[in-house]
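Excluded from the calculations below are hydrogen atoms, water molecules and symmetry mates; all remaining heavy atoms, backbone and side chain alike, are included. Each chain gets a letter, A, B and so on, in the order the sequences are listed, and its residues count up from 1.
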There are 2 protein chains.
Amino acid sequence: MQSEELESILSILNKSGLKMTLEREVIIRFLLEHKDEHFSASEIFNRVREIRRIGIATIYRNLDLLIELHIIKKMTHDFPVPRYTICERDQKHGSHMLICTRCKDVKLIKEDWLMEIEERLQREFGFKVMDHQLVFSGIYSDCQKESCRIHGDRLTNR
Amino acid sequence: MQSEELESILSILNKSGLKMTLEREVIIRFLLEHKDEHFSASEIFNRVREIRRIGIATIYRNLDLLIELHIIKKMTHDFPVPRYTICERDQKHGSHMLICTRCKDVKLIKEDWLMEIEERLQREFGFKVMDHQLVFSGIYSDCQKESCRIHGDRLTNR
DNA sequence: ATAAATGCAAACTGTTTGCAGCTCC
DNA sequence: GGAGCTGCAAACAGTTTGCATTTAT
């Protein structure tokens with residue numbers, strides 16, 4: 001399947017003396033198969049459990065580990081609980097997010113619009129940016145007119 | 001003291017049929033006296049408790065209420081727990097944050113650098129921005145050289 | 001007078017931890 | 001074989017809720 005990406009993650013694990021267990025693999029596969037989405041820990045728990053029996057502690061331990069290895073990313077803005085997503089390999093920084101306060105849809109924009117500002121931070125503040133998170137909350141023009149529920153409730157806790 | 005600002009908040013409360021209790025006032029005063037800072041719920045609890053006996057539930061209930069009235073703002077990015085800060089009255093949007101991963105200092109930049117991008121979102125996505133949150137994590141040049149602890153550990157949970 | 005707000009304690013929710021047993025290299 | 005990993009259950013931390021009492025308008 002995404003064997004190429006999985007291989008590359010495997011080699012990161014190996015380099016640190018870590019093992020690719022079945023549980024870990026199922027978690028990673030799930031996130032790889034849903035690159036543009038983000039999930040809460042318990043969403044991941046429920047989805048992974050459909051594939052293989054797993055404990056919630058294993059979910060948390062693996063998420064923490066994968067964050068440390070920069071394989072996945074934790075997004076904390078304004079969600080009831082943190083959400084996790086796989087890192088884009090070719091992308092230095094995280095993407096930008098649009099959250100519609102009406103329909104609760106979360107759109108990820110993959111371009112980086114902040115180059116200029118980051119240069120300015122380096123110049124004016126001597127601050128070297130390693131990562132950024134940019135979130136806009138607002139309303140789509142469609143949602144301003146109608147009662148917009150097209151995307152459903154995607155942001156429950158579980 | 002900040003009577004002008006306090007008055008204006010009082011009138012917002014009145015308009016909604018809400019009361020200015022002593023507890024509520026102490027919370028608001030505390031945040032008004034520390035405009036450029038942000039605090040966790042339990043930090044606020046401890047500071048307010050020095051002034052007046054108060055229960056933690058009252059803290060949470062008031063924080064939620066003040067958020068709804070757009071008097072304070074909840075910041076959730078990457079902190080162990082959410083942090084709260086008073087809204088700038090003359091400022092449409094929240095400020096930008098620099099978080100140094102070495103010294104853990106959090107600097108708030110009060111200018112809005114995103115006007116252009118917000119216009120673009122309106123144009124290209126039909127998305128009307130109501131608020132944004134922009135956080136940069138990185139390292140100050142000072143911190144790259146030395147073991148930088150000048151700001152101390154400001155981000156504990158309590 | 002009465003709607004709103006409070007304190008307290010219990011309940012809840014998400015996350016972490018200790019430990020005995022299991023699994024991958 | 002042994003470090004690393006797992007499941008389980010208990011512990012933990014932050015937050016929310018129900019209720020009897022108090023307070024602001």
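The nearest whole Å value for the distance from the NZ atom in B:Lys19 to the C1' atom in D:dT25 is 6 Å. In this structure, the CZ atom of B:Arg83 is 14 Å from the C1' atom of D:dG14, given to the nearest Å. Between A:Leu13 atom CG and C:dC25 atom P there is a gap of 10 Å when expressed in whole angstrom units. Across the protein-nucleic acid pair, B:Met20 atom CE and D:dT22 atom P stand 23 Å apart, rounded to whole Å. The distance from atom CG of A:Asn46 to atom C1' of C:dG14 is 13 Å, rounded to the nearest whole Å. One interatomic measurement links the two molecules: CD of B:Glu43 to P of D:dG14, which rounds to 11 Å at whole-angstrom precision. Between A:Leu65 atom CG and D:dG4 atom C1' there is a gap of 11 Å when expressed in whole angstrom units. Between A:Ile56 atom CD1 and C:dG14 atom C1' the separation is 9 Å, expressed in whole Å.
In summary, B:Lys73 and B:Asp131 engage in a salt bridge, as defined by a charged side-chain N under 4.0 Å from a carboxylate O.
Taking the ring axis of B:Phe45 as reference, the NZ or CZ atom of B:Arg49 stays within 45° of it and closer than 6.0 Å to the ring centre. Within the cation-pi definition used here (under 6.0 Å to the ring centroid, within 45° of the axis), A:Arg123 does not qualify as a partner of A:Phe125.
For B:Asn14, no side-chain nitrogen or oxygen approaches OP1 or OP2 of D:dA24 to under 4.0 Å. Phosphate proximity of C:dT6 to B:Thr21: present, with a side-chain N or O under 4.0 Å from OP1 or OP2. Residue B:Arg49 places no side-chain N or O under 4.0 Å from the OP1 or OP2 atom of C:dG7.
Taking every side-chain heavy atom of B:Val81 into account, D:dG14 is the closest of D:dG14, D:dT6, C:dG7. Side-chain proximity of A:Leu18 to D:dC5, C:dA4, D:dT16: nearest is D:dC5. Side chain of B:Arg53, nearest nucleotide from D:dG7, D:dC5, C:dG7: C:dG7.
Residues A:Phe39 and A:Leu31 share a closest heavy-atom pair of CD1-CD2, 3.8 Å.
Taking the nucleotide of DNA chain C with the nearest heavy atom to each of B:Ser16 and B:Ile54, the more 5' of the two is matched to B:Ser16. Each of A:Leu10 and B:Ala57 was assigned the nucleotide of DNA chain C with the nearest heavy atom; the assignment lying further toward the 5' end belongs to B:Ala57.
Under 3.5 Å, the side chain of A:Arg24 and the base of D:dG4 form no donor-acceptor pair of N or O atoms.
Counting only distance, with no hydrogens or angles, the side chain of B:Arg83 and the backbone of B:Met75 share no donor-acceptor pair below 3.5 Å.
Base contact: A:Arg61 has a heavy atom under 4.0 Å from a base atom.
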